[in-house]
Amino acid sequence: MPGSIQWAPRSPEYQSQKQCKKTSFAFYQAVRDLLPVWLLEDMRLMEVLHWEEGGIVSSYTPSEALLYALVHDHQPYAHYLLHHFPNDALAVPSKSFSCCQSGAPHLTMAVRYNRLHILQEILGTLRTFPSESRTVYINQRGCQRVEGGKTPIHLACELQRVDCLIMLLGHGACPYVKDCSGKIPLDYLLQAIQDSPQDTRLKRLCLDSVLLYMSGGVPLSTRQRLQEEGTAWQEMLGKDLYRWLTGTSPPTLFTLSMQSLLRALPADRFPEALEEISLPDFLRPLALQKQVPK
């Protein structure tokens, strides 16, 4: 009829894209439902496809499957992927899966969802990487859109993930690493304490942990920030800690001793190396006594 809308038949490309979405969601559901590893791998390799830019159809990579395992805390699947595909599982996901190609998001994902068990698996896998590659991987910034350019250790401080923070520090995360705006992890913790000085238990645990690894001292910019509002900061932090952070008094002998001890521990044997040292409980920081999983 004149003036009526004539619907053209749907193209094969449209049908392929629709089928990709259907099978992709089925894989997502299967991981969410914690189905057996063998079944997930059959789906990933044989049935589940996703749509790439330019109309290319591909299967999910181990890296992308590991992200699903992180979201849903599928620990056996994460273990399988990291054990059988250590490099591919920690590689950068495809452009169709991740908006940012600057680095792999697995560590920040583990911190955000507080997946400590899988975080330990990832850090254990990184032990097999060359030392330089491992350091770069642990300290890389996350996606600008998703993580705001934060590194895993910045995110752990922001969310007060004490367990994750200690594991990252022990495996070589740098306490002086800067986010995209030039802030170090200590800045995040001080800001969190300033914003909510009433509830500081987790923040202080994170702060104590970071300071044990800051053997190079507190940066000048941070010291100046604390000095500008000295009275308020002394009340929030306590006089002794305030004096140390502003450089008007040295760290305690206990702190210096613990810093020397932690520097001597090999990052590729943390926390096992710490557990092997015969120290009385009173010489172990609270965070390391109670937060590092056995």
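FYI, the numbering just counts along the sequence from 1.
- Nearest heavy-atom pair across R44 and A65 is CD-CB, 3.8 Å.
- Between atom CD of residue E121 and atom CG of residue L116 there is a gap of 11.0 Å, rounded to the nearest 0.5 Å.
- Using a 3.5 Å distance cut-off with no hydrogens or angles, the side chains of E41 and Y77 do pair a donor with an acceptor.
- Minimum heavy-atom separation, F270 to G170: CB-O, 3.4 Å.
- Looking only at side-chain heavy atoms (C-beta outward), H106 and S63 come within less than 4.5 Å of each other.
- Checked for salt-bridge contact, E228 and R225 miss the test: no charged N lies under 4.0 Å from a carboxylate O.
- Taking CG of L119 as the start and OH of Y113 as the end, the distance is 15.0 Å to the nearest 0.5 Å.
- Shortest non-hydrogen contact noted between Q259 and L212 is CG-O, 3.0 Å.
- Atom CG of L262 sits about 11.0 Å away from atom OG of S257, to the nearest 0.5 Å.
- Within 6.0 Å of atom CD in Q227, more than 12 heavy atoms from other residues, nucleotides or ligands are found, so the atom counts as buried in its surroundings.
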Could you walk me through whether R127 and H171 pass the side-chain contact (heavy atoms from CB on, under 4.5 Å) test, one step at a time?
-> CA-CA 9 Å; R127 295 178 182 180; H171 282 84; 3.5 Å; yes
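- A donor-acceptor pair is defined here as one N or O able to donate and one able to accept, closer than 3.5 Å; such a pair exists between the side chain of N139 and the backbone of T135.
- Partners of Y28 under the ring-ring contact (aromatic ring centres under 6.0 Å, His included) rule, at least two apart in sequence or in another chain, are Y68, H72.
- R161 contributes a side-chain N or O that, together with a main-chain N or O of R112, makes up a donor-acceptor pair within less than 3.5 Å.
- The minimum heavy-atom distance linking R263 with S215 is given by the pair NH1-CB, 2.9 Å.
- Annotation: side chain of L81 is not in contact with side chain of V37 (no heavy-atom distance under 4.5 Å).
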Determine, stepwise, if the pair D179 / T151 fulfils side-chain hydrogen bond (donor to acceptor under 3.5 Å, both in side chains).
-> CA-CA 6 Å; D179 68 2; T151 70; over 6 Å; no
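- A side-chain donor-acceptor contact under 3.5 Å links Q160 to the backbone of E158.
- Within 6.0 Å of the CG atom in N114, the count of heavy atoms belonging to other residues, nucleotides or ligands exceeds 12.
- At a threshold of 4.5 Å between non-hydrogen side-chain atoms, the residues W233 and L190 count as touching.
- In plain terms, the two heavy atoms of P175 and I153 that are nearest each other are CA-CD1, 4.2 Å.
- Side-chain N or O atoms of T246 include one that pairs as donor or acceptor with a backbone N or O of R243 at under 3.5 Å.
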Assess whether side-chain contact (heavy atoms from CB on, under 4.5 Å) is satisfied between L107 and L155, documenting all intermediate values.
-> CA-CA 10 Å; L107 284 178; L155 191 62; over 6 Å; no
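- With contacts defined as side-chain heavy-atom distances shorter than 4.5 Å, the pair P219/Y176 qualifies.
- Residue pairs meeting the ring-ring contact (aromatic ring centres under 6.0 Å, His included) criterion with at least one partner in residues 125-163, sequence neighbours excluded, are H154-Y188.
- Taking the side chain as every heavy atom from C-beta outward, L241 and L211 approach each other to under 4.5 Å.
- The CE atom of M258 lies 11.5 Å from the CG atom of L256; values are rounded to the nearest 0.5 Å.
- Between the H117 side chain and the Q75 main chain, no donor and acceptor come within less than 3.5 Å of each other.
- Among all heavy-atom pairs drawn from V218 and R223, the shortest one is O-NH1, 2.7 Å.
- Between D88 and T61, the side chains place no donor N or O within less than 3.5 Å of an acceptor N or O (distance only, hydrogens not considered).
- Of the inter-residue distances, the one linking M236 atom CE with K203 atom NZ reads 10.5 Å to the nearest 0.5 angstrom.
- L189 and L220 are not part of a single hydrophobic cluster, where members link through side-chain heavy atoms under 4.5 Å apart.
- Residues Y60 and S24 have side chains in contact (heavy-atom distance under 4.5 Å, counting atoms from C-beta outward).
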Assess whether side-chain hydrogen bond (donor to acceptor under 3.5 Å, both in side chains) is satisfied between D195 and Q191, documenting all intermediate values.
-> CA-CA 6 Å; D195 291 343; Q191 186 63 53; 2.9 Å; yes
Tell me, with the steps shown, if K178 and K183 meet side-chain contact (heavy atoms from CB on, under 4.5 Å).
-> CA-CA 5 Å; K178 295 181 179 179; K183 295 180 180 178; over 6 Å; no
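- When each of L245, T255, I184 is paired with M214, the side chain to side chain contact (heavy atoms under 4.5 Å, CB included) condition holds for I184 and for no other.
- The closest side-chain heavy-atom distance from S209 to L169 is below 4.5 Å.
- No side-chain N or O of H83 forms a donor-acceptor pair with one of T125 less than 3.5 Å apart.
- Side-chain contact between L165 and C157: present, with at least one pair of heavy atoms (C-beta onward) separated by less than 4.5 Å.
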Stepwise side-chain hydrogen bond (donor to acceptor under 3.5 Å, both in side chains) test for T248 and Y242 = CA-CA 9 Å; T248 56; Y242 173 80; over 6 Å; no
Kindly determine whether V31 and V71 satisfy side-chain contact (heavy atoms from CB on, under 4.5 Å), including the steps that lead there.
-> CA-CA 9 Å; V31 179; V71 170; over 6 Å; no
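- Judged purely by atom type and a 3.5 angstrom limit, T108 uses its side chain to pair as donor or acceptor with the backbone of P105.
- Side-chain N or O atoms of H74 include one that pairs as donor or acceptor with a backbone N or O of L35 at under 3.5 Å.
- With rounding to the nearest 0.5 Å, the separation of CD1 in I118 from CG in L66 is 7.0 Å.
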